[in-house]
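Have a look at the structure below, then the notes.
Throughout, a chain's letter reflects where its sequence line sits, starting with A, and its residues are numbered from 1.
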Amino acid sequence: MAALLRGLRAGRLLRGLSSVVAAPTSTTPQCRSLRRGFHCAALRLQDESKSDKHSASSSYSSSSSSSTTHDDYTSQQDSDPSSGDQEQDEDYETEEQLQARILTAALEFVPLHGWSMEAISAGAEAVGLSSASTGMFTNGAGDLVLHFISQCNSKLTEILAEQHNEVQLGQAEPKKTADFLRDAVETRLRMYIPYMESWPQAMSILLLPHNIPDSLKHLSTMVDDIWYYAGDRSTDMNWYTKRAVLTGLYNATELVMLQDSSPDFHDTWTFLDNRIQDVTNMAVTAKQMQSTGQAVAQGLLGAAVTLKNLTGLNQRR
Amino acid sequence: MHRAAHTAFCDWPQFVRPAMIRQSLKCTGCLQNSARAYSVVPAPRDSAEKEMMHRMLRVDHAGEYGANRIYAGQMAVLGRSRTGPLIQQMWDQEKKHLSKFNEILAENRVRPTALLPLWNLAGFVLGASTALLGKEGAMACTVAVEESISEHYNSQIRALMESDPERYTELLQVIKEFRDDEMDHHDTGLEHDAESLPGYWLLKNAIQLGCKAAIYVSQRV
(Lines give C-alpha, C1' and ligand atoms only; values in the text may rest on other atoms or scores of the structure.)
Protein backbone atom coordinates (compact mmCIF):
# COMPACT_ATOMS: atom_id res chain seq x y z
CA MET A 1 0.00 0.00 0.00
CA ALA A 2 2.74 2.41 0.96
CA ALA A 3 4.70 1.38 -2.11
CA LEU A 4 1.64 2.07 -4.28
CA LEU A 5 1.28 5.52 -2.77
CA ARG A 6 4.97 6.24 -3.33
CA GLY A 7 4.58 5.03 -6.89
CA LEU A 8 1.60 7.35 -7.41
CA ARG A 9 3.56 10.28 -6.02
CA ALA A 10 6.54 9.49 -8.24
CA GLY A 11 4.20 9.07 -11.21
CA ARG A 12 2.70 12.48 -10.64
CA LEU A 13 6.11 14.11 -10.32
CA LEU A 14 7.26 12.52 -13.54
CA ARG A 15 4.02 13.56 -15.21
CA GLY A 16 4.52 17.11 -14.04
CA LEU A 17 8.08 17.24 -15.25
CA SER A 18 7.24 15.67 -18.59
CA SER A 19 4.37 18.03 -19.27
CA VAL A 20 6.49 21.06 -18.38
CA VAL A 21 9.34 19.97 -20.65
CA ALA A 22 7.06 18.91 -23.53
CA ALA A 23 4.98 21.26 -25.75
CA PRO A 24 3.44 23.83 -23.44
CA THR A 25 -0.08 23.87 -24.88
CA SER A 26 -0.98 20.30 -25.83
CA THR A 27 -0.61 17.05 -23.96
CA THR A 28 -0.34 13.67 -25.65
CA PRO A 29 -3.30 11.33 -25.47
CA GLN A 30 -1.09 8.69 -23.85
CA CYS A 31 -0.18 11.16 -21.16
CA ARG A 32 -3.84 11.96 -20.59
CA SER A 33 -4.93 8.31 -20.38
CA LEU A 34 -2.01 7.62 -18.07
CA ARG A 35 -3.23 10.44 -15.90
CA ARG A 36 -6.80 9.05 -16.02
CA GLY A 37 -5.51 5.64 -15.05
CA PHE A 38 -3.62 7.08 -12.10
CA HIS A 39 -6.68 9.14 -11.27
CA CYS A 40 -9.05 6.15 -11.22
CA ALA A 41 -6.63 4.22 -9.08
CA ALA A 42 -6.45 7.20 -6.80
CA LEU A 43 -10.22 7.24 -6.48
CA ARG A 44 -10.09 3.79 -4.87
CA LEU A 45 -7.97 5.03 -1.98
CA GLN A 46 -10.35 7.34 -0.13
CA ASP A 47 -8.78 9.22 2.74
CA GLU A 48 -5.19 8.30 2.13
CA SER A 49 -5.38 9.61 -1.41
CA LYS A 50 -6.74 12.93 -0.19
CA SER A 51 -3.81 13.53 2.12
CA ASP A 52 -1.53 12.12 -0.50
CA LYS A 53 -2.93 14.51 -3.09
CA HIS A 54 -2.19 17.47 -0.83
CA SER A 55 1.44 16.47 -0.43
CA ALA A 56 1.66 15.40 -4.07
CA SER A 57 0.22 18.65 -5.34
CA SER A 58 2.59 20.60 -3.12
CA SER A 59 5.53 18.56 -4.33
CA TYR A 60 4.22 18.93 -7.88
CA SER A 61 4.08 22.70 -7.58
CA SER A 62 7.55 22.80 -6.07
CA SER A 63 8.86 20.61 -8.90
CA SER A 64 7.18 22.81 -11.53
CA SER A 65 8.61 25.93 -9.92
CA SER A 66 12.11 24.44 -9.80
CA SER A 67 11.87 23.37 -13.43
CA THR A 68 10.71 26.82 -14.48
CA THR A 69 14.09 28.15 -13.46
CA HIS A 70 15.84 25.74 -15.87
CA ASP A 71 13.92 25.47 -19.11
CA ASP A 72 13.70 27.84 -22.01
CA TYR A 73 10.09 27.41 -22.80
CA THR A 74 9.27 28.10 -19.31
CA SER A 75 10.15 31.69 -19.91
CA GLN A 76 6.70 31.60 -21.53
CA GLN A 77 5.27 29.86 -18.53
CA ASP A 78 7.20 32.14 -16.23
CA SER A 79 5.43 35.18 -17.57
CA ASP A 80 2.15 33.29 -17.73
CA PRO A 81 2.38 30.63 -15.07
CA SER A 82 -1.32 30.67 -14.20
CA SER A 83 -2.49 29.46 -17.62
CA GLY A 84 -0.05 26.55 -17.53
CA ASP A 85 -1.12 25.55 -14.04
CA GLN A 86 -4.77 26.06 -14.87
CA GLU A 87 -4.49 23.69 -17.76
CA GLN A 88 -2.97 21.07 -15.54
CA ASP A 89 -5.69 21.75 -12.95
CA GLU A 90 -8.45 21.27 -15.50
CA ASP A 91 -7.45 17.67 -15.96
CA TYR A 92 -6.34 17.18 -12.39
CA GLU A 93 -9.55 17.36 -10.43
CA THR A 94 -10.35 16.23 -6.95
CA GLU A 95 -12.81 13.51 -6.15
CA GLU A 96 -15.37 16.07 -5.05
CA GLN A 97 -15.17 17.87 -8.38
CA LEU A 98 -15.61 14.59 -10.25
CA GLN A 99 -18.60 13.67 -8.13
CA ALA A 100 -20.06 17.13 -8.68
CA ARG A 101 -19.68 16.74 -12.43
CA ILE A 102 -21.40 13.37 -12.45
CA LEU A 103 -24.26 14.59 -10.25
CA THR A 104 -24.80 17.70 -12.36
CA ALA A 105 -25.03 15.52 -15.45
CA ALA A 106 -27.36 13.14 -13.59
CA LEU A 107 -29.84 15.96 -12.94
CA GLU A 108 -30.86 15.82 -16.59
CA PHE A 109 -32.02 12.24 -16.15
CA VAL A 110 -34.11 12.92 -13.05
CA PRO A 111 -37.37 13.58 -14.94
CA LEU A 112 -36.86 10.14 -16.51
CA HIS A 113 -35.55 8.01 -13.63
CA GLY A 114 -36.54 10.04 -10.58
CA TRP A 115 -34.07 10.77 -7.77
CA SER A 116 -32.32 7.41 -7.81
CA MET A 117 -29.14 5.53 -8.56
CA GLU A 118 -30.36 4.98 -12.15
CA ALA A 119 -30.24 8.71 -12.73
CA ILE A 120 -26.72 8.87 -11.28
CA SER A 121 -25.47 6.01 -13.45
CA ALA A 122 -27.07 7.64 -16.50
CA GLY A 123 -25.24 10.82 -15.53
CA ALA A 124 -21.94 8.95 -15.14
CA GLU A 125 -22.35 7.49 -18.61
CA ALA A 126 -23.18 10.93 -20.01
CA VAL A 127 -19.89 12.25 -18.60
CA GLY A 128 -17.99 9.38 -20.17
CA LEU A 129 -17.37 7.12 -17.20
CA SER A 130 -18.70 3.64 -16.64
CA SER A 131 -21.92 3.33 -14.68
CA ALA A 132 -19.99 1.31 -12.10
CA SER A 133 -18.52 4.58 -10.83
CA THR A 134 -21.80 5.09 -8.98
CA GLY A 135 -20.06 3.03 -6.29
CA MET A 136 -18.50 6.35 -5.25
CA PHE A 137 -21.87 7.56 -4.03
CA THR A 138 -22.43 5.78 -0.76
CA ASN A 139 -25.53 7.81 0.00
CA GLY A 140 -27.15 7.10 -3.37
CA ALA A 141 -30.10 9.30 -4.21
CA GLY A 142 -29.40 11.42 -1.14
CA ASP A 143 -26.15 12.57 -2.70
CA LEU A 144 -28.01 13.65 -5.82
CA VAL A 145 -30.69 15.60 -3.97
CA LEU A 146 -28.19 17.29 -1.65
CA HIS A 147 -25.99 18.23 -4.60
CA PHE A 148 -28.99 19.76 -6.35
CA ILE A 149 -29.97 21.70 -3.24
CA SER A 150 -26.49 23.08 -2.74
CA GLN A 151 -26.34 24.03 -6.43
CA CYS A 152 -29.63 25.92 -6.08
CA ASN A 153 -28.31 27.68 -2.99
CA SER A 154 -25.15 28.78 -4.79
CA LYS A 155 -27.21 30.11 -7.69
CA LEU A 156 -29.42 32.00 -5.29
CA THR A 157 -26.40 33.48 -3.50
CA GLU A 158 -24.97 34.60 -6.83
CA ILE A 159 -28.22 36.29 -7.83
CA LEU A 160 -28.54 38.01 -4.46
CA ALA A 161 -24.91 39.15 -4.51
CA GLU A 162 -25.38 40.59 -8.00
CA GLN A 163 -28.50 42.46 -6.91
CA HIS A 164 -26.67 43.75 -3.86
CA ASN A 165 -23.83 44.90 -6.07
CA GLU A 166 -26.23 46.79 -8.31
CA VAL A 167 -27.69 48.54 -5.30
CA GLN A 168 -24.18 49.40 -4.05
CA LEU A 169 -23.25 50.85 -7.42
CA GLY A 170 -26.44 52.88 -7.44
CA GLN A 171 -27.85 51.11 -10.48
CA ALA A 172 -30.90 49.77 -8.66
CA GLU A 173 -33.17 50.85 -5.85
CA PRO A 174 -32.92 48.93 -2.58
CA LYS A 175 -36.03 46.83 -2.06
CA LYS A 176 -38.11 46.83 1.10
CA THR A 177 -37.46 43.84 3.33
CA ALA A 178 -40.82 42.17 2.69
CA ASP A 179 -40.42 42.50 -1.08
CA PHE A 180 -36.83 41.31 -0.90
CA LEU A 181 -37.81 38.20 1.05
CA ARG A 182 -40.68 37.46 -1.29
CA ASP A 183 -38.48 37.76 -4.37
CA ALA A 184 -35.71 35.68 -2.86
CA VAL A 185 -38.03 32.83 -1.80
CA GLU A 186 -39.81 32.93 -5.14
CA THR A 187 -36.52 32.83 -7.08
CA ARG A 188 -35.32 29.92 -5.01
CA LEU A 189 -38.53 27.92 -5.30
CA ARG A 190 -38.75 28.49 -9.04
CA MET A 191 -35.56 26.46 -9.38
CA TYR A 192 -37.61 23.42 -8.42
CA ILE A 193 -40.14 23.85 -11.24
CA PRO A 194 -38.34 21.60 -13.78
CA TYR A 195 -38.30 18.80 -11.20
CA MET A 196 -41.73 19.41 -9.73
CA GLU A 197 -43.18 15.97 -10.48
CA SER A 198 -40.46 14.12 -8.65
CA TRP A 199 -39.98 16.72 -5.92
CA PRO A 200 -42.11 14.87 -3.32
CA GLN A 201 -39.72 11.94 -3.74
CA ALA A 202 -36.76 14.27 -3.22
CA MET A 203 -38.31 15.76 -0.09
CA SER A 204 -38.92 12.33 1.37
CA ILE A 205 -35.28 11.43 0.67
CA LEU A 206 -34.21 14.58 2.52
CA LEU A 207 -36.28 13.53 5.51
CA LEU A 208 -34.41 10.25 5.93
CA PRO A 209 -32.58 10.33 9.27
CA HIS A 210 -29.08 10.18 7.81
CA ASN A 211 -29.84 13.06 5.44
CA ILE A 212 -31.46 15.36 7.97
CA PRO A 213 -28.25 17.00 9.31
CA ASP A 214 -27.08 17.88 5.80
CA SER A 215 -30.45 19.14 4.62
CA LEU A 216 -30.85 21.26 7.75
CA LYS A 217 -27.39 22.68 7.19
CA HIS A 218 -28.25 23.65 3.60
CA LEU A 219 -31.54 25.17 4.72
CA SER A 220 -29.91 27.20 7.47
CA THR A 221 -27.13 28.54 5.22
CA MET A 222 -29.72 29.52 2.61
CA VAL A 223 -31.85 31.36 5.17
CA ASP A 224 -28.75 33.06 6.61
CA ASP A 225 -27.69 34.18 3.12
CA ILE A 226 -31.13 35.60 2.33
CA TRP A 227 -31.24 37.59 5.56
CA TYR A 228 -27.68 38.81 5.13
CA TYR A 229 -28.45 40.21 1.70
CA ALA A 230 -31.77 41.59 2.98
CA GLY A 231 -29.59 43.72 5.24
CA ASP A 232 -29.95 41.97 8.57
CA ARG A 233 -26.97 42.75 10.79
CA SER A 234 -28.53 41.93 14.13
CA THR A 235 -26.43 40.37 16.88
CA ASP A 236 -29.07 39.53 19.46
CA MET A 237 -32.11 37.26 19.67
CA ASN A 238 -33.50 38.88 16.53
CA TRP A 239 -30.88 36.87 14.64
CA TYR A 240 -32.66 33.70 15.71
CA THR A 241 -36.26 34.86 15.42
CA LYS A 242 -35.78 36.26 11.92
CA ARG A 243 -34.21 33.07 10.66
CA ALA A 244 -36.84 30.91 12.33
CA VAL A 245 -39.60 32.96 10.70
CA LEU A 246 -38.05 32.74 7.26
CA THR A 247 -37.49 28.98 7.63
CA GLY A 248 -41.15 28.50 8.48
CA LEU A 249 -42.18 30.69 5.56
CA TYR A 250 -39.98 28.82 3.12
CA ASN A 251 -41.06 25.36 4.25
CA ALA A 252 -44.74 26.23 4.19
CA THR A 253 -44.48 27.73 0.72
CA GLU A 254 -42.57 24.71 -0.54
CA LEU A 255 -45.32 22.39 0.71
CA VAL A 256 -48.02 24.53 -0.91
CA MET A 257 -46.04 24.48 -4.14
CA LEU A 258 -46.06 20.68 -4.17
CA GLN A 259 -49.84 20.61 -4.42
CA ASP A 260 -50.30 23.64 -6.58
CA SER A 261 -51.71 23.09 -10.05
CA SER A 262 -52.43 26.68 -11.02
CA PRO A 263 -50.72 28.16 -14.08
CA ASP A 264 -47.12 29.19 -13.26
CA PHE A 265 -47.80 28.37 -9.59
CA HIS A 266 -49.76 31.56 -9.19
CA ASP A 267 -51.48 30.29 -6.03
CA THR A 268 -48.16 29.56 -4.38
CA TRP A 269 -46.90 33.10 -4.86
CA THR A 270 -50.21 34.46 -3.53
CA PHE A 271 -49.80 32.23 -0.48
CA LEU A 272 -46.26 33.53 -0.04
CA ASP A 273 -47.43 37.13 -0.27
CA ASN A 274 -50.11 36.55 2.35
CA ARG A 275 -47.70 34.85 4.77
CA ILE A 276 -45.16 37.64 4.43
CA GLN A 277 -47.94 40.12 5.07
CA ASP A 278 -48.81 38.17 8.23
CA VAL A 279 -45.23 38.28 9.40
CA THR A 280 -44.98 42.00 8.76
CA ASN A 281 -48.20 42.58 10.68
CA MET A 282 -46.92 40.49 13.54
CA ALA A 283 -43.69 42.49 13.67
CA VAL A 284 -45.62 45.77 13.67
CA THR A 285 -47.96 44.48 16.39
CA ALA A 286 -45.03 43.31 18.50
CA LYS A 287 -43.42 46.74 18.26
CA GLN A 288 -46.70 48.44 19.17
CA MET A 289 -47.12 46.12 22.12
CA GLN A 290 -43.64 46.91 23.31
CA SER A 291 -44.14 50.67 23.18
CA THR A 292 -47.56 50.33 24.82
CA GLY A 293 -46.01 48.22 27.54
CA GLN A 294 -43.35 50.85 28.14
CA ALA A 295 -45.96 53.60 28.30
CA VAL A 296 -48.04 51.58 30.74
CA ALA A 297 -45.00 50.90 32.94
CA GLN A 298 -44.16 54.60 33.02
CA GLY A 299 -47.76 55.40 33.87
CA LEU A 300 -47.74 52.94 36.75
CA LEU A 301 -44.45 54.34 38.05
CA GLY A 302 -45.91 57.83 37.91
CA ALA A 303 -48.99 56.67 39.76
CA ALA A 304 -46.82 55.01 42.43
CA VAL A 305 -44.76 58.19 42.95
CA THR A 306 -47.97 60.24 43.20
CA LEU A 307 -49.31 57.83 45.80
CA LYS A 308 -46.09 58.04 47.78
CA ASN A 309 -46.28 61.82 47.69
CA LEU A 310 -49.91 61.82 48.79
CA THR A 311 -49.28 59.48 51.71
CA GLY A 312 -46.18 61.39 52.72
CA LEU A 313 -43.82 58.44 52.32
CA ASN A 314 -41.60 60.42 49.98
CA GLN A 315 -40.61 63.00 52.53
CA ARG A 316 -37.17 62.84 54.01
CA ARG A 317 -37.23 63.71 57.68
CA MET B 1 -20.24 53.92 7.32
CA HIS B 2 -18.32 51.02 5.85
CA ARG B 3 -20.87 50.66 3.09
CA ALA B 4 -20.54 54.32 2.09
CA ALA B 5 -16.77 54.02 1.96
CA HIS B 6 -17.19 50.85 -0.01
CA THR B 7 -19.48 52.55 -2.54
CA ALA B 8 -16.99 55.40 -2.89
CA PHE B 9 -14.19 52.92 -3.36
CA CYS B 10 -16.16 51.11 -6.04
CA ASP B 11 -17.30 54.29 -7.75
CA TRP B 12 -14.14 56.30 -8.45
CA PRO B 13 -12.75 54.51 -11.54
CA GLN B 14 -15.90 55.38 -13.47
CA PHE B 15 -14.00 56.92 -16.37
CA VAL B 16 -12.06 53.74 -17.04
CA ARG B 17 -14.53 51.13 -18.30
CA PRO B 18 -12.54 47.87 -17.94
CA ALA B 19 -11.32 49.01 -14.56
CA MET B 20 -14.94 49.65 -13.52
CA ILE B 21 -15.95 46.12 -14.45
CA ARG B 22 -12.99 44.74 -12.56
CA GLN B 23 -13.85 46.99 -9.62
CA SER B 24 -17.46 45.80 -9.48
CA LEU B 25 -16.25 42.21 -9.68
CA LYS B 26 -13.88 42.96 -6.84
CA CYS B 27 -16.86 44.39 -4.92
CA THR B 28 -18.79 41.14 -5.41
CA GLY B 29 -15.78 39.16 -4.30
CA CYS B 30 -15.27 41.51 -1.37
CA LEU B 31 -18.85 41.19 -0.21
CA GLN B 32 -18.90 37.44 -0.53
CA ASN B 33 -15.67 36.90 1.34
CA SER B 34 -15.77 39.89 3.75
CA ALA B 35 -12.10 40.25 2.85
CA ARG B 36 -11.86 44.02 2.88
CA ALA B 37 -8.55 45.58 3.64
CA TYR B 38 -9.81 47.31 6.76
CA SER B 39 -11.59 44.35 8.33
CA VAL B 40 -10.34 43.40 11.76
CA VAL B 41 -10.67 39.66 11.24
CA PRO B 42 -8.85 38.07 8.28
CA ALA B 43 -10.93 36.00 5.85
CA PRO B 44 -10.75 32.38 7.05
CA ARG B 45 -8.70 30.03 4.91
CA ASP B 46 -10.69 26.90 5.68
CA SER B 47 -13.69 25.78 7.69
CA ALA B 48 -11.61 24.80 10.75
CA GLU B 49 -10.21 28.31 11.08
CA LYS B 50 -13.64 29.80 10.43
CA GLU B 51 -15.10 27.64 13.21
CA MET B 52 -12.36 28.69 15.62
CA MET B 53 -12.70 32.41 14.80
CA HIS B 54 -16.47 32.33 15.06
CA ARG B 55 -16.29 30.58 18.41
CA MET B 56 -13.83 33.13 19.72
CA LEU B 57 -15.86 36.10 18.54
CA ARG B 58 -19.10 34.61 19.80
CA VAL B 59 -17.83 34.13 23.34
CA ASP B 60 -16.18 37.57 23.40
CA HIS B 61 -19.43 39.17 22.28
CA ALA B 62 -21.33 37.24 24.96
CA GLY B 63 -18.78 38.35 27.57
CA GLU B 64 -19.08 42.02 26.73
CA TYR B 65 -22.87 41.72 26.62
CA GLY B 66 -22.88 40.13 30.08
CA ALA B 67 -20.49 42.75 31.49
CA ASN B 68 -22.75 45.46 30.07
CA ARG B 69 -25.74 43.98 31.88
CA ILE B 70 -23.78 43.58 35.14
CA TYR B 71 -22.93 47.28 35.16
CA ALA B 72 -26.54 48.09 34.28
CA GLY B 73 -27.65 46.12 37.34
CA GLN B 74 -25.13 47.89 39.52
CA MET B 75 -26.24 51.28 38.23
CA ALA B 76 -29.87 50.42 38.87
CA VAL B 77 -29.08 50.08 42.59
CA LEU B 78 -26.13 52.40 43.15
CA GLY B 79 -26.79 54.86 40.33
CA ARG B 80 -27.70 57.72 42.61
CA SER B 81 -25.05 57.09 45.24
CA ARG B 82 -21.49 58.39 45.44
CA THR B 83 -20.11 55.52 43.36
CA GLY B 84 -22.64 56.19 40.59
CA PRO B 85 -20.32 58.24 38.34
CA LEU B 86 -17.51 55.70 38.72
CA ILE B 87 -19.71 52.78 37.73
CA GLN B 88 -21.19 54.85 34.88
CA GLN B 89 -17.70 55.52 33.55
CA MET B 90 -16.80 51.83 33.56
CA TRP B 91 -20.16 51.02 31.99
CA ASP B 92 -19.53 53.46 29.14
CA GLN B 93 -16.28 51.72 28.31
CA GLU B 94 -18.05 48.36 28.26
CA LYS B 95 -20.66 49.83 25.93
CA LYS B 96 -17.90 50.78 23.53
CA HIS B 97 -16.49 47.26 23.67
CA LEU B 98 -19.91 45.78 22.98
CA SER B 99 -20.55 47.99 19.99
CA LYS B 100 -17.16 47.06 18.55
CA PHE B 101 -17.96 43.39 18.88
CA ASN B 102 -21.42 43.94 17.38
CA GLU B 103 -19.69 45.48 14.39
CA ILE B 104 -17.23 42.59 14.06
CA LEU B 105 -19.97 39.98 14.38
CA ALA B 106 -22.15 41.64 11.75
CA GLU B 107 -19.21 42.04 9.37
CA ASN B 108 -18.14 38.43 9.62
CA ARG B 109 -21.63 36.95 9.75
CA VAL B 110 -20.98 35.27 13.09
CA ARG B 111 -23.95 33.76 14.86
CA PRO B 112 -24.45 35.30 18.31
CA THR B 113 -24.85 32.86 21.18
CA ALA B 114 -28.39 31.59 21.71
CA LEU B 115 -28.03 32.14 25.46
CA LEU B 116 -28.07 35.93 25.22
CA PRO B 117 -31.42 36.28 27.04
CA LEU B 118 -29.98 34.16 29.85
CA TRP B 119 -26.88 36.36 30.14
CA ASN B 120 -29.14 39.40 29.97
CA LEU B 121 -31.07 38.29 33.04
CA ALA B 122 -28.17 36.68 34.91
CA GLY B 123 -25.89 39.68 34.41
CA PHE B 124 -28.46 42.17 35.59
CA VAL B 125 -29.36 40.05 38.62
CA LEU B 126 -25.68 39.59 39.53
CA GLY B 127 -24.95 43.29 39.24
CA ALA B 128 -28.03 44.32 41.18
CA SER B 129 -27.63 41.75 43.96
CA THR B 130 -23.94 42.52 44.56
CA ALA B 131 -24.73 46.23 44.51
CA LEU B 132 -27.34 45.62 47.24
CA LEU B 133 -24.40 44.55 49.44
CA GLY B 134 -23.17 48.08 49.13
CA LYS B 135 -20.37 49.78 47.29
CA GLU B 136 -17.85 47.16 48.42
CA GLY B 137 -20.08 44.41 47.05
CA ALA B 138 -20.31 46.09 43.68
CA MET B 139 -16.56 46.61 43.58
CA ALA B 140 -15.91 42.98 44.58
CA CYS B 141 -18.18 41.80 41.76
CA THR B 142 -16.33 44.08 39.35
CA VAL B 143 -12.96 42.72 40.49
CA ALA B 144 -14.08 39.10 40.10
CA VAL B 145 -15.68 39.55 36.68
CA GLU B 146 -12.89 41.69 35.24
CA GLU B 147 -10.29 39.22 36.45
CA SER B 148 -12.13 36.37 34.68
CA ILE B 149 -12.51 38.36 31.50
CA SER B 150 -8.86 39.44 31.48
CA GLU B 151 -7.76 35.85 31.98
CA HIS B 152 -10.01 34.79 29.11
CA TYR B 153 -8.67 37.49 26.78
CA ASN B 154 -5.13 36.56 27.74
CA SER B 155 -5.70 32.93 26.78
CA GLN B 156 -7.18 34.06 23.46
CA ILE B 157 -4.20 36.32 22.82
CA ARG B 158 -1.89 33.41 23.60
CA ALA B 159 -3.79 31.13 21.21
CA LEU B 160 -3.69 33.69 18.38
CA MET B 161 -0.01 34.47 18.94
CA GLU B 162 0.80 30.76 18.91
CA SER B 163 -0.99 30.14 15.63
CA ASP B 164 -0.06 33.16 13.50
CA PRO B 165 0.59 36.60 15.04
CA GLU B 166 1.02 38.36 11.70
CA ARG B 167 -2.23 37.17 10.25
CA TYR B 168 -4.24 38.29 13.25
CA THR B 169 -2.52 41.61 13.98
CA GLU B 170 -5.62 43.78 13.95
CA LEU B 171 -7.68 41.33 15.95
CA LEU B 172 -4.85 40.96 18.47
CA GLN B 173 -4.70 44.74 18.76
CA VAL B 174 -8.41 44.96 19.50
CA ILE B 175 -8.31 42.17 22.08
CA LYS B 176 -5.21 43.59 23.77
CA GLU B 177 -6.82 47.01 24.02
CA PHE B 178 -9.95 45.54 25.56
CA ARG B 179 -7.91 43.39 27.92
CA ASP B 180 -6.06 46.49 29.13
CA ASP B 181 -9.38 48.26 29.74
CA GLU B 182 -10.66 45.31 31.74
CA MET B 183 -7.47 45.25 33.82
CA ASP B 184 -8.04 48.96 34.53
CA HIS B 185 -11.52 48.20 35.78
CA HIS B 186 -10.12 45.41 37.93
CA ASP B 187 -7.58 47.76 39.50
CA THR B 188 -10.23 50.44 40.01
CA GLY B 189 -12.35 47.91 41.85
CA LEU B 190 -9.45 46.99 44.12
CA GLU B 191 -8.69 50.67 44.79
CA HIS B 192 -12.25 51.27 45.93
CA ASP B 193 -12.21 48.83 48.84
CA ALA B 194 -13.43 45.68 47.13
CA GLU B 195 -11.40 43.52 49.51
CA SER B 196 -12.97 45.03 52.59
CA LEU B 197 -16.23 43.22 51.90
CA PRO B 198 -16.92 40.45 54.44
CA GLY B 199 -16.96 37.16 52.56
CA TYR B 200 -14.93 38.67 49.73
CA TRP B 201 -13.01 35.49 49.01
CA LEU B 202 -16.19 33.40 48.83
CA LEU B 203 -18.06 35.85 46.61
CA LYS B 204 -15.10 36.35 44.30
CA ASN B 205 -14.58 32.62 43.73
CA ALA B 206 -18.29 31.96 43.27
CA ILE B 207 -18.53 34.69 40.63
CA GLN B 208 -15.39 33.50 38.86
CA LEU B 209 -16.72 29.96 38.76
CA GLY B 210 -19.93 31.27 37.22
CA CYS B 211 -17.94 33.24 34.64
CA LYS B 212 -15.91 30.18 33.68
CA ALA B 213 -19.08 28.16 33.19
CA ALA B 214 -20.62 30.97 31.13
CA ILE B 215 -17.54 31.17 28.88
CA TYR B 216 -17.51 27.40 28.41
CA VAL B 217 -21.16 27.26 27.47
CA SER B 218 -21.16 30.35 25.22
CA GLN B 219 -18.39 28.89 23.10
CA ARG B 220 -20.53 25.92 22.25
CA VAL B 221 -24.13 27.02 22.09
Side-chain angles (χ1 to χ4, degrees), chain A residues 50-51 53-54 57-58 94 96 150 153-174 213-214 216-244 246-247 290 297 301 305 314 316, chain B residues 1-14 20-34 36 46-47 50 54 57-58 60-62 64-66 68-69 97-121 221:
Chain A
K50 274 203 179 82
S51 56
K53 271 188 188 76
H54 286 306
S57 56
S58 61
T94 62
E96 281 102 24
S150 104
N153 287 349
S154 321
K155 265 192 258 179
L156 179 69
T157 310
E158 254 175 58
I159 292 174
L160 291 178
E162 221 179 276
Q163 283 178 359
H164 189 113
N165 215 21
E166 282 173 8
V167 169
Q168 294 275 35
L169 293 174
Q171 289 164 1
E173 284 300 311
D214 283 324
L216 282 181
K217 189 174 61 123
H218 284 308
L219 181 62
S220 61
T221 45
M222 178 196 75
V223 166
D224 187 37
D225 277 339
I226 294 180
W227 268 120
Y228 176 74
Y229 285 109
D232 175 46
R233 299 287 181 274
S234 53
T235 49
D236 52 5
M237 276 320 271
N238 280 332
W239 193 95
Y240 288 92
T241 49
K242 282 182 173 172
R243 279 150 185 77
L246 186 57
T247 309
Q290 204 185 25
L301 214 63
V305 168
N314 238 4
R316 238 192 268 174
Chain B
M1 189 189 81
H2 284 192
R3 230 168 262 152
H6 211 207
T7 320
F9 177 62
C10 291
D11 263 347
W12 60 255
Q14 263 172 10
M20 181 174 172
I21 296 172
R22 248 181 286 122
Q23 211 68 23
S24 59
L25 284 174
K26 223 189 285 174
C27 280
T28 319
C30 280
L31 210 58
Q32 282 175 341
N33 300 329
S34 301
R36 291 174 290 181
D46 52 26
S47 65
K50 179 170 167 221
H54 281 208
L57 294 171
R58 186 176 308 138
D60 286 348
H61 174 256
E64 293 299 343
Y65 184 81
N68 211 12
R69 296 306 296 158
H97 291 185
L98 182 63
S99 69
K100 180 70 184 168
F101 272 120
N102 276 337
E103 210 182 282
I104 295 179
L105 250 68
E107 225 173 65
N108 293 286
R109 300 178 59 173
V110 180
R111 168 181 71 87
T113 171
L115 297 170
L116 282 180
L118 178 62
W119 304 145
N120 187 353
L121 187 65
V221 176

Separation between CG of Asp232(A) and CZ of Arg109(B), rounded to the nearest 0.5 Å
10.0 Å
Tyr240(A) side chain to Pro112(B) main-chain N or O, any donor-acceptor pair under 3.5 Å?
yes
CD on Glu103(B) to CZ on Arg233(A), rounded to 0.5 Å
12.0 Å
Quick one: closest heavy-atom pair of Leu116(B) and Asp236(A), and the distance?
CD1-CA, 3.6 Å
So which atom in Met237(A) and which in Ala114(B) form the shortest heavy-atom distance, rounded to 0.1 Å?
SD-O, 4.0 Å
To the nearest 0.5 Å, tell me how far Leu98(B) CG sits from Thr235(A) OG1.
7.0 Å
